[in-house]
Amino acid sequence: MFPRNAWYVACTPDEIEGKPLGRTICGELVALYRAEGGIAAAVEDFCPHRGAPLSLGRVVDGKLVCGYHGLEMGCDGKAVAMPGQRVRGFPCIRSYPVVERGGFVWIWPGDPALADPARLPHMEWADNPDWAFGGGRYYIRCDYRLMIDNLMDLTHEKYVHTDSIGQKELDEATPTTRVEGDTVITRRYMENILPPPFWQAALRGNRLADDVPCDRWQICRFTPPGQVLIDVGVAHAGQGGFDANPAVKAGGTVVDFITPETETTMWYFWGMARNFQPQDAALTARIREAQGKVFSEDLEMLESQQRNLLRWPERKLLSLNTDMGGIQARRMLERLVEQERGSTAQIGS
Amino acid sequence: MFPRNAWYVACTPDEIEGKPLGRTICGELVALYRAEGGIAAAVEDFCPHRGAPLSLGRVVDGKLVCGYHGLEMGCDGKAVAMPGQRVRGFPCIRSYPVVERGGFVWIWPGDPALADPARLPHMEWADNPDWAFGGGRYYIRCDYRLMIDNLMDLTHEKYVHTDSIGQKELDEATPTTRVEGDTVITRRYMENILPPPFWQAALRGNRLADDVPCDRWQICRFTPPGQVLIDVGVAHAGQGGFDANPAVKAGGTVVDFITPETETTMWYFWGMARNFQPQDAALTARIREAQGKVFSEDLEMLESQQRNLLRWPERKLLSLNTDMGGIQARRMLERLVEQERGSTAQIGS
Amino acid sequence: MFPRNAWYVACTPDEIEGKPLGRTICGELVALYRAEGGIAAAVEDFCPHRGAPLSLGRVVDGKLVCGYHGLEMGCDGKAVAMPGQRVRGFPCIRSYPVVERGGFVWIWPGDPALADPARLPHMEWADNPDWAFGGGRYYIRCDYRLMIDNLMDLTHEKYVHTDSIGQKELDEATPTTRVEGDTVITRRYMENILPPPFWQAALRGNRLADDVPCDRWQICRFTPPGQVLIDVGVAHAGQGGFDANPAVKAGGTVVDFITPETETTMWYFWGMARNFQPQDAALTARIREAQGKVFSEDLEMLESQQRNLLRWPERKLLSLNTDMGGIQARRMLERLVEQERGSTAQIGS
């Protein structure tokens with residue numbers, strides 16, 4: 001259950017440096033690589049000669065060369081050459097629209113004619129020197145929607161991330177959820193609270209007192225198919241919170257790009273973009289490590305939740321007010337999948 | 001193929017100290033924990049909120065608190081509370097009758113109305129200071145009935161446990177099998193034999209000569225669904241064997257509680273209860289270690305036997321006189337399962 | 001898709017020294033062992049008593065003794081004895097024709113009446129002191145025909161074995177394929193080329209200059225069901241190549257015996273027989289190690305090719321001139337399987 005006519009993060013640029021990468025995205029086995037001019041490209045991971053995965057091959061002069069018998073594949077899925085052979089009649093394989101932007105390689109698994117780069121998310125942090133970014137990647141054996149649920153209901157921080165970003169006030173501050181255009185936004189504000197360890201460290205990282213009352217915010221913004229950007233941070237109490245002067249706060253945007261591998265497995269590209277002390281590389285590294293630990297705590301929960309749901313497929317889950325973010329996100333995804341089915345049906349008729 | 005209206009060992013008390021335990025028993029995924037007052041309890045391992053396993057949570061004031069979003073579950077399967085929520089209308093989950101007795105936590109996977117603690121086995125060793133007990137737990141990938149077969153035909157000791165309890169005289173002493181009420185009893189006596197290494201060590205543990213002819217006994221008692229108690233021991237020859245004066249023998253009861261996980265996997269709770277030198281903790285530890293090694297030798301055999309049976313499901317096995325214990329036990333189990341089906345059908349009609 | 005009325009390598013003699021071996025061959029679970037007089041034998045790996053694998057047992061006086069309860073199995077699949085039992089009425093299990101020859105234990109999974117040792121391959125190297133042999137065994141998760149394809153099109157050496165036997169001239173020398181009786185032969189000759197590292201080492205092993213132009217040959221001979229013998233070597237250029245005087249060349253026969261385990265897994269018995277410096281055991285060891293490394297490079301390719309073919313079962317592969325060896329081999333195998341089906345149908349009618 002995922003839209004196909006959408007941009008998904010396929011990998012990070014470092015994963016295709018010097019060699020191709022084989023990865024399954026939305027059920028498609030693709031070989032990602034740098035074609036001529038270093039342009040990121042993706043084709044089916046299947047050599048039309050004998051079915052070997054092209055991702056086990058090499059990239060030579062921008063051509064993906066099969067590592068079995070040397071067929072050279074073009075980025076359009078047409079064989080370019082093969083030693084001692086005429087390739088003109090060789091069957092084509094699928095190629096996929098790919099765009100490299102914002103520190104990610106994006107792929108469009110659906111109809112290539114609809115792949116409009118203008119639909120890629122705006123990533124302010126990527127080009128603006130006032131921002132710094134650090135992140136990582138996890139492989140998780142769960143439906144990608146369970147991760148969206150997770151990120152759209154941060155109540156779980158109190159229980160899953162007890163020692164870092166959890167605090168009891170999370171339960172007391174009821175979130176509100178709104179749909180604005182194609183975005184679901186869930187907001188939670190906690191005022192006059194003591195910051196938990198992760199945010200204490202961030203305040204220190206911005207040379208601010210970490211032991212004073214603060215206002216804390218969490219503004220989760222889901223956009224289909226798998227993007228959750230969360231404005232998070234703390235400001236010394238009473239200074240305006242999210243809108244406070246940068247000199248009295250520490251915050252940023254949790255960046256979550258979620259890519260289904262199959263119906264029950266996913267790739268999770270996570271990170272933190274911050275607009276304080278952007279030149280402090282050591283701080284970036286510390287935040288990245290802390291955030292990596294936090295997100296690793298979700299893995300066991302999400303994977304065992306998935307196993308439970310497969311074991312009891314008939315059980316309906318509850319839809320509480322805290323679940324509204326995830327529920328609205330699922331509705332949006334269902335509408336998109338429904339639309340794709342409709343348009344495919346039309347084409348077919 | 002297992003009766004559901006029966007007590008099974010779910011775990012040992014140490015497994016639920018301080019945190020819940022998730023375990024599958026007779027196909028049921030349960031969360032075991034200590035509820036109010038330290039009473040052992042079990043509910044389905046499924047939070048009605050979002051399907052997370054409750055066993056990943058914590059126990060707070062006798063409530064099982066879901067580790068994802070804090071739902072508090074009562075031992076009756078009804079949600080007690082959840083921060084910021086009214087739980088009255090939440091769907092219930094199953095709860096299971098549980099009794100802690102004799103150093104084991106027992107669960108009743110079937111109809112709770114029938115769960116009578118009087119049907120728990122008598123465990124003399126558990127409360128009587130004349131006895132000592134040491135044991136352990138193994139996970140085995142086989143139908144639990146293969147383990148019952150194993151324990152009801154100790155001929156295999158000669159072949160599987162060559163270096164410890166095996167001896168050639170096992171083949172020569174034909175066992176006899178009788179059904180007495182709801183118990184199957186297989187007896188084997190070997191007279192005037194030299195004790196094998198395990199029993200030599202036991203004789204020494206009871207300060208007796210270990211190099212003299214002995215009489216050896218094995219009285220296997222199966223009671224459904226998964227209990228095999230085996231009176232075993234050696235006495236100096238001609239002193240009365242099983243009935244000899246305690247001063248000239250070393251023996252006890254092999255305790256086997258067998259719990260199906262699925263149709264082809266099981267939990268094995270094993271141990272040795274002995275009524276000689278009960279205060280000698282070092283002896284208990286030595287016997288436990290030796291017995292653990294003996295039972296580990298059965299694992300590969302049972303698991304590969306199971307694989308063979310799955311590979312050749314149509315083949316009928318032989319029913320020799322030595323197999324009578326296991327065969328009578330299987331008949332008893334079949335009758336119980338048949339009865340349960342009948343009564344369910346009646347209820348359904 | 002494999003003929004059953006054929007000899008396959010089951011194991012090497014060392015694998016059945018001192019204890020039985022359980023192995024699956026053409027879907028048959030067999031226990032291989034040395035019966036009376038040390039004769040290699042094979043029966044189904046299933047004890048008719050309780051289904052235990054006989055391969056977990058022991059061999060005593062040429063009888064395979066079940067490791068569970070001591071049933072003694074004869075090499076004809078009939079129980080010989082069992083302590084305390086009359087075995088006359090015990091059901092038989094299958095036995096398989098087995099021949100030990102040429103350093104391999106061969107098994108015939110099909111109709112025993114057709115098992116003619118005269119159909120075993122001639123293995124010159126095995127008995128002739130002018131030859132030396134070294135080899136090994138790999139387990140590969142692929143259809144055995146993918147391995148045949150691999151060995152009948154050595155173009156892949158340039159891409160898969162870059163650092164050892166690969167060289168650019170492979171692409172330039174088009175192979176020719178012929179069917180001669182029940183053998184498919186693919187020949188490739190490269191003249192006046194510089195030998196790649198593996199062959200440089202072989203030349204040095206035969207005390208010949210390794211930095212001079214050479215003629216190189218590859219003569220791949222497939223015979224059903226799973227035998228590929230490849231005459232390979234280099235001679236100093238212009239001396240007659242394959243037919244040159246032994247004093248100016250280094251060569252031998254790559255020995256490949258391929259045994260299906262299931263439709264998508266296989267055992268690969270590989271080696272190199274050479275007829276130069278046969279007494280040089282250190283050279284044998286060096287060649288064996290180098291060849292083992294070369295063949296290990298094929299594993300990832302073959303297993304991922306297999307995964308791709310299972311993922312896209314409907315896709316047809318290309319049949320280029322370089323693929324002719326494998327394609328002719330497959331045709332031969334298909335005819336054999338077809339014949340077996342035909343004769344089985346006749347028997348059945």
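Here is the naming used below: chain letters follow the sequence lines, and residue numbers restart at 1 for every chain. For clarity, every value in this text was computed on a predicted model and none was experimentally measured.
For the options C:Cys66, C:Ala52, C:Gly57, C:Gly84, heavy-atom pairs under 4.5 Å to chain B are most numerous at C:Ala52. Per-residue heavy-atom pair counts under 4.5 Å with chain C were compared for B:Asp171, B:Asp323, B:Val160, and the maximum is reached by B:Asp323. Of the listed residues (B:Leu170, B:Thr174, B:Asn321, B:Leu146), the greatest number of heavy-atom pairs within a distance under 4.5 Å of chain C belongs to B:Asn321. For the options C:Gly67, C:Ser55, C:Gly89, heavy-atom pairs under 4.5 Å to chain B are most numerous at C:Gly67. Chain B forms the most heavy-atom pairs under 4.5 Å with one residue out of C:Cys47, C:Pro91, C:Gly51, and that residue is C:Gly51. Of all the listed residues (B:Glu172, B:Glu157, B:Lys158, B:Arg315), the one sharing the greatest number of non-hydrogen pairs under 4.5 Å with chain C is B:Arg315.
A donor-acceptor pair is defined here as one N or O able to donate and one able to accept, closer than 3.5 Å; no such pair exists between the side chain of B:His236 and the backbone of B:Pro213. A donor-acceptor pair is defined here as one N or O able to donate and one able to accept, closer than 3.5 Å; such a pair exists between the side chain of B:Gln291 and the backbone of B:Gly271. In this structure a side-chain-to-backbone donor-acceptor pair under 3.5 Å is missing from C:Gln227 to C:Pro121. The main-chain N or O of B:Val255 is never found under 3.5 Å from a side-chain atom of B:Thr253 such that the two would form a donor-acceptor pair.
Taking the side-chain contact (heavy atoms from CB on, under 4.5 Å) definition, one finds that C:Arg94 meets it with C:Glu28, C:Glu44, C:Tyr96, sequence neighbours left out.
In this structure, the separation between CG on C:Leu151 and OH on C:Tyr268 is 4.5 Å, given to the nearest 0.5 Å. Note that OH of B:Tyr138 and CE of B:Met147 are 10.0 Å apart. Values are rounded to the nearest 0.5 Å.
Taking non-hydrogen atoms and a 4.5 Å limit, the residue list of residues 185-199 of chain B in contact with chain C is empty. Contact residues of residues 292-312 of chain B toward chain C are B:Glu300, B:Met301, B:Leu302, B:Ser304, B:Gln305, B:Asn308, B:Leu309, B:Arg311, B:Trp312 (heavy-atom distance under 4.5 Å). Scanning residues 1-25 of chain C against chain B with a 4.5 Å heavy-atom cutoff picks out nothing at all.
In this structure, chain B has a heavy atom under 4.5 Å from the side chain of C:Ile93, while its backbone stays farther away.
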>> Please determine whether ring-ring contact (aromatic ring centres under 6.0 Å, His included) holds for the pair C:Trp106 and C:Phe257, giving the CA-CA distance in whole Å, both sets of side-chain angles, and the decisive distance to 0.1 Å.
In response: CA-CA 10 Å; C:Trp106 301 81; C:Phe257 294 129; 4.9 Å; yes
> Checking side chain to side chain contact (heavy atoms under 4.5 Å, CB included) for the pair B:Cys142/B:Met266: CA distance, chi angles, key distance, verdict?
Replying inline: CA-CA 6 Å; B:Cys142 75; B:Met266 55 160 278; 3.9 Å; yes
> Can you check side chain to side chain contact (heavy atoms under 4.5 Å, CB included) on C:Arg34 and C:Glu100, steps first, answer last?
Replying inline: CA-CA 10 Å; C:Arg34 290 204 177 281; C:Glu100 187 172 352; 2.8 Å; yes
> Checking side chain to side chain contact (heavy atoms under 4.5 Å, CB included) for the pair C:Leu333/C:Arg145: CA distance, chi angles, key distance, verdict?
Replying inline: CA-CA 9 Å; C:Leu333 291 165; C:Arg145 293 174 297 173; 4.0 Å; yes
> side chain to side chain contact (heavy atoms under 4.5 Å, CB included) between C:Tyr68 and B:Tyr159: does it pass, once the steps are laid out?
Replying inline: CA-CA 6 Å; C:Tyr68 205 179; B:Tyr159 300 94; 6.0 Å; no
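Heavy atoms from other residues, nucleotides or ligands lying under 6.0 Å from CD of B:Glu289 number 12 at most.
Under 4.0 Å is where a charged nitrogen must lie from a carboxylate oxygen, and between B:Arg331 and B:Glu334 no such pair does.
There is a side-chain donor-acceptor pair under 3.5 Å between B:Tyr139 and B:Glu261.
Between B:Asp210 and B:Leu203, the shortest heavy-atom contact is CA-CD1, 3.9 Å.
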